[in-house]
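Below, chains carry the letters A, B, ... as their sequence lines are ordered, and counting in each starts from 1. Just the heavy atoms: all of them, side chains too, but no hydrogens, waters or symmetry mates, feed the values below.
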Amino acid sequence: MSDSRTAAAVEGTATAHGGNPALLHHFETVEQQRDASSLGMWVFLAQEVMFFGGLFCVYLVYRLKYYEAFVAGSNTLNVPMGAINTGVLICSSLTMAMAVYSAQIGKRKMLMFFLAATMLFGAVFLGVKSVEYKQKFTDHHIPGASFSTAEFEQKDHLPRDVANETQIYFSLYFAMTGMHAIHMIVGMVIMGFLIFHSWRGKYPPGHYTTIENFGLYWHFVDIVWIFLFPLLYLISRRH
Amino acid sequence: ANFPLFPQQASTGAPHVDALYFFLIAVTVFFCVLIFGLLITFSLKFRARKGRVATQIEGSLPLELTWTIIPLIISLGLYVWGANLYFEMRRPPLGAMEIYGVPKQWMWKFEHPDGHREINELHVPVGRPVKMTMISQDVIHSFFVPAFRVKTDVLPGRYTTAWFEATTTGHYHLFCSQYCGTKHSAMIGEVFVMEPAQYEQWLSGSAGEGSLASSGEKLFQSMACNTCHRSDSGARGPNLVGLFGKPVKLTNGATVIADEAYLRESILTPSAKIVAGFQPIMPTFQGQINEEGVLALIQYIKTMKDAQNLAPTNTQNPPGPDAGARPAKGMQNPGTQKP
Amino acid sequence: MSTALITPAPTMPRDNYLNNGYGVRSWLLTTDHKRIALMYLVTITFFFFVGGAMATMIRLELLTPAGDLVSSDTYNKLFTMHGVMMVFFFLIPSIPTTLGNFLVPMMIGARDLAFPKLNLASYYVYLTGALFTMYAVISGGVDTGWTFYTPLSTSFANTHVIATAVGILIAGFSSIFTGINFIVTIHRMRAPGMTWSRLPLFIWAHYATSLIMVLGTPVIAITLIMVALERGFHLGIFDPARGGDPLLFQHLFWFYSHPAVYIMILPGMGVISELVTCFSRKRIFGYNFVAFSSMAIAVFGFLVWAHHMFVAGISTYAAMVFSLLSYLVAIPSAIKVFNWTATMYKGSITFKTPMLYVFGFIGLFTMGGMTGLFLAALGIDMHVTETYFIVAHFHYIMVGGMVMAYMGALHFWWPKITGRMYPENLARLAALIIFVGFNLTFFPQFILGYLGMPRRYHAYPPEFQVLNVMSSAGASILAIGYLLPMIYFMWSMRYGRIAGPNPWNAKGLEWETTSPPPTHNFAETPIVTEEAYAYGTTTAEVQRV
Amino acid sequence: MSANHVVPLRVYFAVFITLLVMTGVTTWVAYIDLGVFNPVMALVIATFKAVLVILFFMHVKYSSKLTWLVVSAAFFFLGIMLTLTMSDYLSRAWPMQ
Ligand code: HEA
Ligand code: HEA
Ligand code: CUA
Ligand SMILES: [Cu+2]
């Protein structure tokens, strides 16, 4: 906070920043700048919590209301794929943490390597996800006109009305995993830039704030999935 | 010419609402006078003049507490009063006369238990509580009779209720007050409050296609409900006789009261609540019976008193959903029955 | 600049943010918070007049009971677009993005907001959202009401719901960015000595506003996304035909939109605290209470949303809970009103235009707020909800309160923004016209509402006509009242008297630099040694150079 | 905020392993019938994992009070949304029919 500012820093004016090119004109000190961007990122993540929170709220209401349909819908998902994807995301979180670590200790090559690894894991995740989506497509589990309740009525012997309610489950499934996937894609695009920038040497030792902030974002996306996995895939597995 | 400033009072609830309204106005006037008065006094007294220097005051804890606690107390009073009123106005008295409403874009359709149907008009007798049970066929509408101070949104997919007891004969505005698309402002009608005798006369006029319950009975047969719901022991479905208003035990252990909402749910999404001791084999009738049909079926089920006795419509409600509701006058229900 | 050369008259500073570059690029690509504020000012003024033009059409239509001027579809589009424009593209950004942008860094002694580029980005995000919505307007409009209730908006309306929803969603992100920027700036960029208890109340108000922007706006974003998906791709989330619950939409919508009404009043409250102290030459009465009540409003504001749904079919229990909470949220507002009034006590009051707006604000906000108590009373709301009583309630607060505060703030800081004074007498006249026109427009609507005239009605029963004519007459007076400042503000930019750094002799860091301020706000970082509003201290009347 | 604190690598690996194990556990538990405790278990494990990520990967454990405040504010307001919304849905049957 303000106490971190020394009297010497106060004297600095726009011109007195001298040496440090990375210090933007309107900040007094590097710490102030770093604290600011870190806080900014956290506040942004708070915003993200509420964004996904809206979806979780809808999920909660309908899960309580249409529990059976949710169970049936959940049982059509592929748990191994979900579990593997969870693992993949955890790996990507680790590599992301390692990337931040590399930036902190100022190893450029290592940073680029871990960013690339994170991106790779992200890509694997999306690949698995698209296989799953495709499966839903062939199963006619996409809400809308082509939605078919046949499987639930015949295989699960669900009454027609319950079978119909699975549409709500799938609507939420696609809304939630879709929003999550979009966040991953955005993250991967940014990661591309980060790799490019670090290749150009934009993050010399001591300048890891950007990487660190991006890491926060990536971990957040991971956390969302940590909740999505049990809530969507594991509602009540047939025992 | 016609330039009213205050709405007519034509229901038992209206004076109560107005009383709170006047009290609120009094509170508002009090605070407005207080604050505007202070603003004006200060403006005059402490106007900048030559040599006048402002006296600095940092604040005062006692004052802060005063103007926190007094409004808080007033607020709580208002809350209790308003909530009480609302509670009363949302709880239909025991034995209220029932009328159903099935609005859609952009008309009001009402059905009386004896089979009278009206559009954009609602006839009710004076001095008898009337309970409106309504469901929309498309978007959200809202049933609003200013003279009764009564309003409730009418939702698709779910019953909502309102009740009133008219006190003065005459005709009053009926508005749709929830925005519902192009002709929202044309979705209006009139409520005719009549002397009971006149009302009887109106009822005995063109009757239409028989009572609601009897069309329900026809549906019950044509939809083949009776193949499963019979009163003999071998029936696949539970016996519906005397069901309305009774508690029902479900397979999941819970108990629910068989009210309109439950009956509707049982017909359209039968597997939502399974009666204990039965299999979830009842098919859904969603898309096959419209809301009016469902209401007719419900009305029919309500009248199933004992086996195969097509009881006359609109006998008193059994206790149950209304248990604990205060008794209302006009409980007996003469005249709605037809020979 | 040779017009105002009376002998010791102040002169325009040689270097200021306005003459630091003249090209289009120097404006459109600027990261200077002051220039961005001006770009917002121009844009939201435009949308205010668009919304105002729609209001004019509404009032014209309602002159006669029959729906004769425009068709009912057109009328429905008019009030929908009026509400959308006014709420999302004018009032929510109004004070925060213009005066907030301009003043938040200056008041805390910073050179800029924490993230200048994000600030510029948020302007363009806002503009993109606005263009989407304008596209929807031009290509046929949207007619769901600004509340987008399902299933009307998802399954029945056949107007441009998606484009409008996307427009609002995009504009929402602009508001989130602004909120993040303010929060970080206030935490991290304060000048030495600017402790939390020395912050101007304008800053506290913006901090509270930002909190709502950051935590509330994402919920409307995801809700509108779901509406758009449901409409576009037939997901079934709110559609009762597929088991969805339309009330869930209302819950999510109001979870944001009730707190959003506090986005629309808190900055105005901050302004009033600044103005009332300056024109009474007094410290604020009960600084801690006024500051804390802003935070209380922001937090409690999240607890009351379902008071918009009292007759919508929520449970009786929930209705009672939300009614109680609605009463609790009124208390901090009451605290503020009393403290402002007390601030004038034993002051030395001058009646410059901004102070006239303060009177307007306190009076009209009190009336609007008190009628909010009517609505929070369950039994009354049952009768007056969805009638003109509601319309009157929120116009009293939003137009009578917030727009008054906004006008007051514009007049007060105009000399700081442009370096020149507006014409005082004309401005007082305009304030008076607005006040009279406003009351004539909206007071009759309370009576109409209790009589039972539903809102969003294109045609109405004839007995409501007299009151409606009064309202329309008032609206035309109001229109003149708003056009006048437009004209004289533009005039003053060229011909106004040169103001000097501190024409009001006001306290606050923004007055310690030149008017207009230099690009980096302060020649050197100021060091704060006194409380906010230190009027009446020995140094108070001494003007710093 | 997150000061220039470098988290030792073994912490990262420990967290990583725990997360993977917990993923296995949550999947395994889902196939055991615990009645109402199935969702409870699922949520407890998910929360535990999330907290690990927040504390260690996101360095909150080593961060300023302000970061803690921001994080808890976000979940606090999310909690408000969920509880007050549910207060309506769970009481729909009361006290009227
Ligand atoms: C800036 C915008 C703004 C603000 C600040 C408020 C403030 C308040 N509002 Fe309002 N409101 C709206 C904008 C706003 N509102 C809008 C736009 C709608 C309609 C939306 C739509 O449907 O289109 C609406 C609708 C609305 C409803 C729903 C009505 C309905 O649709 O049925 C309710 C119900 O409780 C309500 C209540 C309140 C209350 C209690 C306050 C309180 O915060 C007011 C507090 C202020 C005071 C109380 C005055 C000052 C205090 C004193 C002078 C001291 C005395 C005080 C006491 C005795 C307590 N408002
Ligand atoms: C932020 C808020 C804001 C503001 C500032 C206003 C300003 C005004 N509003 Fe609005 N209003 C809303 C927010 C706002 N409103 C909302 C949210 C609704 C609900 C919408 C819904 O139901 O969905 C609403 C609804 C609403 C209605 C109800 C419509 C209905 O329910 O059928 C009415 C009716 O009188 C009305 C009138 C006015 C008037 C006369 C003004 C005046 O103060 C405007 C004054 C300004 C001007 C008049 C502009 C001056 C410029 C000119 C005159 C030039 C014009 C040019 C031409 C005519 C070519 N408004
Ligand atoms: Cu039906 Cu409005
Ligand atoms: Cu509200």
Side-chain angles (χ1 to χ4, degrees), chain A residues 1 31 34-39 41-43 45-50 52-54 56-58 60-61 63-65 79-80 82-83 86-87 90-91 93-94 96-98 100-101 104-105 206 208-209 212 215-216 218-220 222-224 226-231 233-239, chain D residues 1-9 11-13 15-20 22-24 26-27 29-33 35 38-39 41-43 45-54 56-60 63-64 66-67 69-75 77-79 81-82 85-86 88-90:
Chain A
M1 298 220 171
E31 291 92 79
R34 189 173 54 225
D35 280 359
S37 47
S38 172
L39 178 61
M41 193 65 210
W42 277 106
V43 177
L45 292 185
Q47 178 275 135
E48 289 280 14
V49 169
M50 297 306 285
F52 280 100
F56 281 106
C57 183
V58 175
L60 182 63
V61 168
R63 175 181 165 142
L64 291 179
K65 202 165 168 190
V79 175
T86 313
I90 291 173
C91 292
S93 259
L94 178 70
M96 189 66 233
M98 298 295 293
V100 174
Y101 177 83
Q104 279 178 326
I105 60 172
Y208 56 87
T209 319
E212 190 180 33
L216 294 180
W218 192 259
H219 294 309
F220 170 81
D222 185 21
I223 290 177
V224 172
I226 287 180
F227 281 97
L228 287 185
F229 174 58
L231 290 181
Y233 287 73
L234 304 176
I235 292 185
S236 167
R237 283 280 144 188
R238 298 270 146 69
H239 307 295
Chain D
M1 310 286 326
S2 35
N4 358 3
H5 188 285
V6 182
V7 183
L9 284 185
V11 174
Y12 283 153
F13 285 117
V15 170
F16 172 68
I17 300 295
T18 320
L19 288 175
L20 282 187
M22 285 326 251
T23 305
T26 193
T27 315
V29 158
Y31 285 91
I32 305 173
D33 193 353
N38 274 102
M41 273 310 276
L43 283 178
I45 295 176
T47 311
F48 176 68
K49 287 163 74 181
V51 169
L52 283 187
V53 175
I54 293 176
F56 297 101
F57 282 177
M58 297 170 91
H59 301 176
V60 169
S63 301
S64 67
L66 187 58
T67 314
L69 189 70
V70 174
V71 175
S72 27
F75 288 102
F77 284 94
L78 177 61
M81 174 161 68
L82 299 181
T85 307
M86 290 323 288
D88 173 21
Y89 282 92
L90 297 180

Side chains of [X] and [Y], heavy atoms from C-beta outward: is any pair under 4.5 Å?
{"X": "A/Met96", "Y": "D/Phe57", "value": "no"}
{"X": "A/Phe220", "Y": "D/Ile54", "value": "no"}
{"X": "A/Phe52", "Y": "D/Leu78", "value": "no"}
{"X": "A/Leu216", "Y": "D/His59", "value": "no"}
{"X": "D/Tyr31", "Y": "A/Val79", "value": "yes"}

Most contacts with chain D, counted as non-hydrogen pairs under 4.5 angstrom, among A/Leu60, A/Val61, A/Leu231: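 Sorted descending by pairs with chain D, the first entry is A/Val61.
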Tell me, out of A/Ile226, A/Leu234, A/Leu94, who's got the most heavy-atom pairs with chain D below 4.5 Å.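 Option with the top pair count is A/Leu94.
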Between A/Met50 and D/Phe77, is the side chain to side chain contact (heavy atoms under 4.5 Å, CB included) condition met? List the steps. CA-CA 8 Å; A/Met50 297 306 285; D/Phe77 284 94; 4.0 Å; yes
Per-residue contact mode, A/Phe229 against chain D (heavy atom under 4.5 angstrom): side chain
Is chain D contacted by the side chain of A/Val100, its backbone, both, or neither, given a heavy-atom distance below 4.5 Å? side chain
For the pair D/Val7 and A/Tyr101, evaluate side chain to side chain contact (heavy atoms under 4.5 Å, CB included) and give the outcome as yes or no after the intermediate values. CA-CA 7 Å; D/Val7 183; A/Tyr101 177 83; over 6 Å; no
So which atom in [X] and which in [Y] form the shortest heavy-atom distance, rounded to 0.1 Å?
{"X": "D/Val70", "Y": "A/Ala46", "answer": "CG1-CB, 4.1 Å"}
{"X": "A/Gly54", "Y": "D/Met81", "answer": "N-CE, 3.5 Å"}
{"X": "A/His219", "Y": "D/Val53", "answer": "CB-CG1, 3.8 Å"}

Contacting region of [X] [heavy-atom separation from chain A under 4.5 Å]:
{"X": "D/Ala50", "result": "both"}
{"X": "D/Thr27", "result": "both"}
{"X": "D/Phe16", "result": "both"}

Gap between atom SG of A/Cys57 and atom OH of D/Tyr89 - 0.5 Å precision: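 Atom-to-atom, D/Tyr89:OH and A/Cys57:SG are 8.0 Å apart.
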Test log, rule side chain to side chain contact (heavy atoms under 4.5 Å, CB included), inputs A/Ile90 and D/Met22: CA-CA 11 Å; A/Ile90 291 173; D/Met22 285 326 251; over 6 Å; no
So which residue, D/Ile45, D/Leu82, D/Val15, ends up with the most heavy-atom pairs under 4.5 Å with chain A?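 Most heavy-atom pairs within the cutoff with chain A belong to D/Leu82.
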